[in-house]
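To start, the structure itself, in structure tokens.
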There are 2 protein chains.
Amino acid sequence: MRIGELVKQSGISPDTVRFYERNGLIRSLPSATETNSYRNYPEEALERLAMIKQAQQAGFSIAEFSQLIERIEGPSVDFFDADQFLQQKIDEIQERMKQAKAFLKMLKATKAALSAHMD
Amino acid sequence: MRIGELVKQSGISPDTVRFYERNGLIRSLPSATETNSYRNYPEEALERLAMIKQAQQAGFSIAEFSQLIERIEGPSVDFFDADQFLQQKIDEIQERMKQAKAFLKMLKATKAALSAHMD
DNA sequence: GTTAACAATGGACCATTGTCAATGGTTTTG
DNA sequence: CAAAACCATTGACAATGGTCCATTGTTAAC
């Protein structure tokens with residue numbers, strides 16, 4: 001699939017897709033049938049883009065996501081290293097979610113207090 | 001309390017504290033007893049800094065946090081407006097956490113799959 | 001009372017995460 | 001085949017969230 005199609009289906013701008021690719025978050029394969037200079041994306045690219053969105057919402061930076069990709073599908077996977085990396089990131093996200101949860105709770109309490117004021 | 005004390009107790013750099021203050025996230029009171037040009041922070045500043053951290057982990061930008069502050073403790077609070085603002089932010093954070101959760105789940109699954117490989 | 005430590009301000013600088021515009025090549029459509 | 005639509009590359013620009021530095025003022029310690 002060409003970038004235009006990917007853009008249409010994902011809602012992400014072509015510039016952003018190319019930006020992600022430059023940074024190793026997504027890959028395009030050279031087309032088997034065509035010999036142009038157009039990027040050719042596999043179907044999985046869509047899921048990958050969705051995954052990037054999720055990672056960002058979880059507080060991952062592009063650099064971190066790129067490291068993740070390298071570790072889990074790069075050549076010569078170092079299992080121990082990958083395992084350690086994953087565990088660390090899992091911990092970080094859990095901590096972040098804890099903090100976010102506390103903030104959310106506070107917002108809700110604030111809203112409730114406000115509502116009580118409103119009558 | 002002066003900025004140095006706040007910095008010591010919060011672990012946040014003085015530049016960052018002043019940056020936050022410039023952007024309306026925190027306020028210093030003119031000291032009642034002293035007549036210098038030093039910032040004077042109330043005890044609550046510490047909690048405020050902690051709250052800023054939480055908000056950031058929840059994906060809040062500085063601008064959003066500043067708007068929040070204005071709404072809940074600014075002069076002439078518009079209850080309806082504040083209520084709507086809070087609800088919207090609550091929804092956004094919940095959506096973000098949903099995505100983050102999905103990502104976390106995927107990381108855990110990836111780690112489990114990796115572990116299975118390791119023996 | 002003078003030095004050391006602390007604080008304020010202004011402005012430059014930095015990384016991150018995109019976005020835009022210009023220019024030129026490729027494909028598709030009519 | 002000519003025009004419109006699509007794509008690539010390069011490099012500039014922008015917003016966000018700080019950080020650093022130089023200069024100057026203030027306070028505290030010796």
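The analysis underlying the following values was restricted to heavy atoms, covering all of them including side chains, and did not include hydrogens, waters or symmetry mates. Predicted model only: the values in this text are computed from it and were never measured. Labels below follow one simple rule: chain letters A, B, ... track the order of the sequence lines, proteins then strands, and each chain is numbered from 1.
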>> Assess the residue pair B:Q88 and B:Q84 against the criterion (side chain to side chain donor-acceptor pair (under 3.5 Å)); give the C-alpha distance rounded to whole Å, side-chain angles, the decisive distance to 0.1 Å, and a yes or no.
In response: CA-CA 6 Å; B:Q88 191 196 317; B:Q84 231 182 321; over 6 Å; no
> Could you go step by step and tell me if A:F19 and A:L25 meet the side-chain contact (heavy atoms from CB on, under 4.5 Å) rule?
Replying inline: CA-CA 9 Å; A:F19 171 73; A:L25 274 56; over 6 Å; no
> Does the pair A:E47 and A:M51 meet the rule for a side-chain contact (heavy atoms from CB on, under 4.5 Å), with working shown?
Replying inline: CA-CA 6 Å; A:E47 293 146 44; A:M51 192 171 148; over 6 Å; no
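Following rounding to the nearest Å, B:E64 (CD) and D:dT16 (C1') show an atom-to-atom distance of 12 Å. The separation between B:I52 atom CD1 and D:dT16 atom C1' is 15 Å, rounded to whole Å. One atom, CG of A:N40, and another, C1' of C:dT26, lie 15 Å apart when rounded to the nearest Å. Rounded to an integer number of Å, the gap from B:I3 CD1 to C:dA5 C1' is 15 Å. The CG-P distance, from A:L49 to C:dG18, rounds to 11 Å in whole Å. Rounded to whole Å, atom P of C:dG18 lies 12 Å from atom CZ of A:F65. At whole-Å resolution of the value, CZ in B:F60 and P in D:dG17 are 12 Å apart. As rounded to whole Å, 14 Å separates atom C1' of C:dA7 from atom NZ of B:K8.
Taking every side-chain heavy atom of B:I62 into account, D:dG17 is the closest of C:dT17, C:dA8, D:dG17.
Here A:R39 reaches the OP1 or OP2 of D:dA8: one of its side-chain N or O atoms lies under 4.0 Å away.
The stretch residues 9-22 of chain A touches DNA chain C through A:S13, A:D15, A:T16, A:F19, A:Y20, each having a heavy atom within less than 4.0 Å of the strand.
If you find the closest nucleotide of DNA chain D to B:Q56 and to B:S37, the one lying nearer the 5' end belongs to B:Q56.
Using a 4.0 Å cut-off between charged side-chain N and carboxylate O, A:R27 and A:E73 make a salt bridge. We find that A:K89 and A:E92 are joined by a salt bridge, their nearest charged nitrogen and carboxylate oxygen being less than 4.0 Å apart.
Within the 6.0 Å centre-distance limit, the rings of A:F103 and B:F60 are counted as a close aromatic pair.
Counting only N and O atoms by type, the side chains of B:D83 and B:Q87 include no donor and acceptor under 3.5 Å apart.
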